[in-house]
Amino acid sequence: MRLLHSTKAISTILNRSHINSFPARKMATEIKFNESLTRSDPQLQPVLIIGQLRHLNLLKFGHLASKLEPRVTEETFKSAIACLHPAPTDKCSLYLDVATVAALPLKASRHNTASRAHSITRLVKNHVLNVNEENVVLVCERENIFASACAVVRAFPLYSRKTGSGSGNKTPNAGGDADASRSVINVEFVVIDKDGCIEEKPLTQDELNCLQESERSIRLAARIVDTPCNEMNVDHFIENVREFGKELSLEPQIIRGEELKERGFGGIYGVGKAAAVPPALVVLSHEPKGAQETIALVGKGIVYDTGGLSIKGKTAMPGMKRDCGGAAAILGAFYTAVKCGFKDNLHAVFCLAENSVGPNATRPDDIHTLYSGRTVEINNTDAEGRLVLADGVCFANKDLKANIILDMATLTGAQGIATGKYHGAILTNSEPWEAKALQAGRKSGDLLAPIIYSPELHFSEFASAVADMKNSVADRQNAQASCAGLFVAAHLGFDYPGVWMHVDMATPVHCGERATGYGVALLLTLFGSRTNCALLQSIAPTDEEPPSKRMCRD
């Protein structure tokens with residue numbers, strides 16, 4: 001052990017000089033998933049090996065020799081594994097700074113993902129070298145392949161306007177930035193079976209296709225969220241929908257501007273009518289033969305939120321480009337779900353607007369009639385997301401005849417207080433689907449936590465003397481995140497016979513100043529059993545007994 005510490009110290013000194021052998025430059029990163037471990041020299045293609053300590057201890061040098069030889073010996077490999085003491089993570093250099101092994105946290109609680117996805121993302125962000133080509137090897141169980149792969153993807157956002165040699169970055173587009181220099185991250189897996197043995201069979205082409213399409217969708221969603229409104233207004237968002245619809249041979253339905261007002265979409269129109277670029281309701285529909293059910297995904301797409309006349313403060317407004325995170329995630333999830341052979345009717349409904357300030361802006365005290373026919377007295381123009389979503393879910397019910405409706409939104413700051421930075425909040429009229437959503441969160445790495453569904457106790461917060469309801473609560477200390485979701489449900493109707501789910505992901509949509517692509521992996525996992533993809537089917541939530549039924553039975 002003493003000798004190993006000396007080796008690590010020498011390695012640290014060498015690391016500093018070795019960094020200079022790779023010229024630093026801005027690159028657009030391509031992520032490539034391989035079916036099995038390819039042979040590479042870490043001197044030319046650096047490698048980062050990540051796994052839980054119990055899995056790393058199962059490895060023999062021969063399992064990873066193709067990634068480490070001729071630079072790393074078996075003795076060095078064994079010594080490195082022996083000195084790992086994750087608290088919560090740990091790493092050890094195997095050869096200079098170009099071959100590293102890292103251990104994930106030892107434990108994952110019941111509200112965390114067994115994949116330790118967030119730790120994977122942090123390790124990759126901190127230890128890749130951003131050179132022409134390098135490798136990330138994930139040592140995990142088969143059920144964690146999808147979440148681990150998505151975790152790596154989140155470490156490589158696409159959007160950048162940094163200038164400098166090779167930075168390019170002229171025009172953001174659906175496929176990323178074609179002008180920048182390219183670097184390649186090869187992602188490969190060593191799969192551990194339930195008995196603790198190393199699986200020899202490579203990933204199938206179907207699994208690789210699923211991972212590659214999911215990678216594209218997560219980075220698409222993150223790119224849209226990271227892009228400022230001068231480059232991602234309603235027009236630009238619609239263009240993204242058109243591009244991905246074209247790839248799927250689907251033409252979007254678009255209701256826009258004054259037509260929204262004429263057709264009764266008072267929520268979307270009222271929020272967006274003051275902006276220079278008019279608001280829109282945009283729908284992509286996938287309707288395969290033999291479909292048994294109709295699922296609608298409704299996304300809040302506020303491309304920028306000033307708060308309207310109830311304007312946000314100077315420190316609260318920066319970052320409001322992210323208020324389209326729900327719609328961005330739904331676009332990504334819809335694209336990959338259709339690519340993976342979605343078997344039921346699937347509709348993506350985008351409620352797009354810029355909540356701006358101007359002569360036509362909605363005023364507090366204005367009353368709008370929403371698509372549901374119900375009237376809303378505006379007492380806070382900064383509670384705009386629920387207005388556009390209310391129109392969207394009502395359209396999904398009345399026009400699309402959906403029997404499962406899920407809306408996703410960066411809806412409330414209260415979500416972060418209620419469920420934190422890592423867990424989105426799930427509010428639903430269906431306890432079985434709540435259980436499924438929580439399972440899907442743990443399987444995908446896009447974590448969820450339930451919030452209270454009790455309209456008989458909370459909806460009175462919206463009481464109005466002159467309209468059917470107000471748009472913001474009377475008491476901001478009374479389950480704000482739940483109340484905001486209940487406003488949306490009220491326009492669907494609390495007696496809606498189908499399944500309604502509301503996902504508030506205001507804080508998990510970003511980590512620091514970068515978007516995470518939150519929501520894409522969650523939706524693909526939640527509805528994975530309805531695709532033809534074996535990988536998604538294997539992690540899709542089961543129909544387990546909800547907690548309240550178990551309690552009643554017991």
Side-chain angles (χ1 to χ4, degrees), residues 174 217 220-225 227 229 232-248 250-257 259-260 263 265 267-272 275 277-287 294-305 321-338 345-355 370-371 384-400 402 405-411 488 491-492 501-505 509 515 517-520 523:
S217 292
L220 156 75
R223 179 181 58 76
I224 290 175
V225 172
T227 305
C229 189
M232 189 54 66
N233 60 29
V234 173
D235 282 342
H236 298 123
F237 201 112
I238 291 174
E239 188 56 35
N240 275 266
V241 174
R242 286 188 191 277
E243 287 181 21
F244 279 82
K246 186 176 181 180
E247 288 193 33
L248 300 171
L250 299 174
E251 185 66 29
Q253 176 186 357
I254 301 174
I255 305 169
R256 187 132 203 227
E259 187 183 355
L260 287 168
R263 294 182 59 170
F265 293 95
I268 300 174
Y269 179 78
V271 171
V277 181
L281 179 77
V282 181
V283 185
L284 278 175
S285 296
H286 166 72
E287 298 174 296
T294 299
I295 299 165
L297 307 176
V298 182
K300 174 188 173 183
I302 301 298
V303 294
Y304 200 79
D305 181 18
K321 64 180 182 178
R322 304 186 187 110
D323 221 11
C324 60
I330 282 171
L331 177 57
F334 178 88
Y335 171 81
T336 296
V338 175
N345 294 326
L346 183 64
H347 303 280
V349 182
F350 307 100
C351 307
L352 306 176
E354 179 183 348
N355 189 20
L370 273 56
Y371 195 60
E384 84 299 329
R386 63 199 68 181
L387 297 169
V388 303
L389 284 177
D391 278 354
V393 299
C394 189
F395 178 84
N397 180 27
K398 289 167 65 172
D399 294 65
L400 302 176
I405 298 174
L406 182 147
D407 71 75
M408 182 172 279
T410 50
L411 202 64
V488 178
H491 293 268
L492 187 61
M501 289 174 278
H502 163 72
V503 176
D504 189 343
M505 31 80 91
V509 75
Y518 179 97
V520 176
L523 294 175

If every non-hydrogen atom of [X] is compared with every non-hydrogen atom of [Y], which pair is closest and at what distance?
X: Ala353; Y: Gly272; result: CB-CA, 3.9 Å
X: Ala296; Y: Ala396; result: CB-CB, 3.6 Å
X: Phe237; Y: Ala327; result: CZ-CB, 3.6 Å
X: Val234; Y: Ala280; result: CG1-CB, 4.2 Å
X: Val520; Y: Ala221; result: CG2-CB, 3.9 Å
X: Val388; Y: Cys351; result: O-SG, 3.4 Å

Spacing of [atom1] belonging to [X] relative to [atom2] belonging to [Y], to within rounding of 0.5 Å:
X: Glu384; Y: Asn355; atom1: CD; atom2: CG; result: 4.5 Å
X: His286; Y: Leu248; atom1: NE2; atom2: CG; result: 9.0 Å
X: Met505; Y: Leu411; atom1: CE; atom2: CG; result: 11.0 Å
X: Leu346; Y: Leu400; atom1: CG; atom2: CG; result: 10.5 Å
X: Leu406; Y: Ile295; atom1: CG; atom2: CD1; result: 9.5 Å
X: Ile254; Y: Phe350; atom1: CD1; atom2: CZ; result: 11.0 Å

Looking at side-chain heavy atoms only, is the closest gap between [X] and [Y] below 4.5 Å?
X: Ser285; Y: His347; answer: yes
X: Ile255; Y: Arg263; answer: yes
X: Met408; Y: Leu523; answer: yes
X: Leu331; Y: Leu284; answer: yes
X: Val393; Y: Asn397; answer: no
X: Cys324; Y: Ile224; answer: yes
X: Pro279; Y: Leu260; answer: yes

Neighbour count >12 (heavy atoms, 6.0 Å) for atom NZ, Lys246 | no
Test item: Asn240 side-chain N/O and His236 main-chain N/O as donor-acceptor pair under 3.5 Å | yes
For the residue pair Phe244 and Tyr335, categorise the inter-ring angle as parallel (less than 30°), tilted (30 to 60°) or perpendicular (more than 60°).
-> perpendicular
Using the ring of each side chain (for Trp, its six-membered ring), is Phe395 parallel, tilted or perpendicular to Tyr371, with breaks at 30° and 60°?
-> tilted
Below 4.0 angstrom, N of the basic side chain to O of the carboxylate: do Lys300 and Asp323 qualify?
-> yes
Among Ile268, Leu281, Asp235, which residue meets the side-chain contact (heavy atoms from CB on, under 4.5 Å) test with Arg256?
-> Asp235
Leu492: which of Val298, Leu389, Ile405 passes side-chain contact (heavy atoms from CB on, under 4.5 Å) | Ile405
Assess whether side-chain contact (heavy atoms from CB on, under 4.5 Å) is satisfied between Thr227 and Arg223, documenting all intermediate values.
-> CA-CA 6 Å; Thr227 305; Arg223 179 181 58 76; 4.1 Å; yes
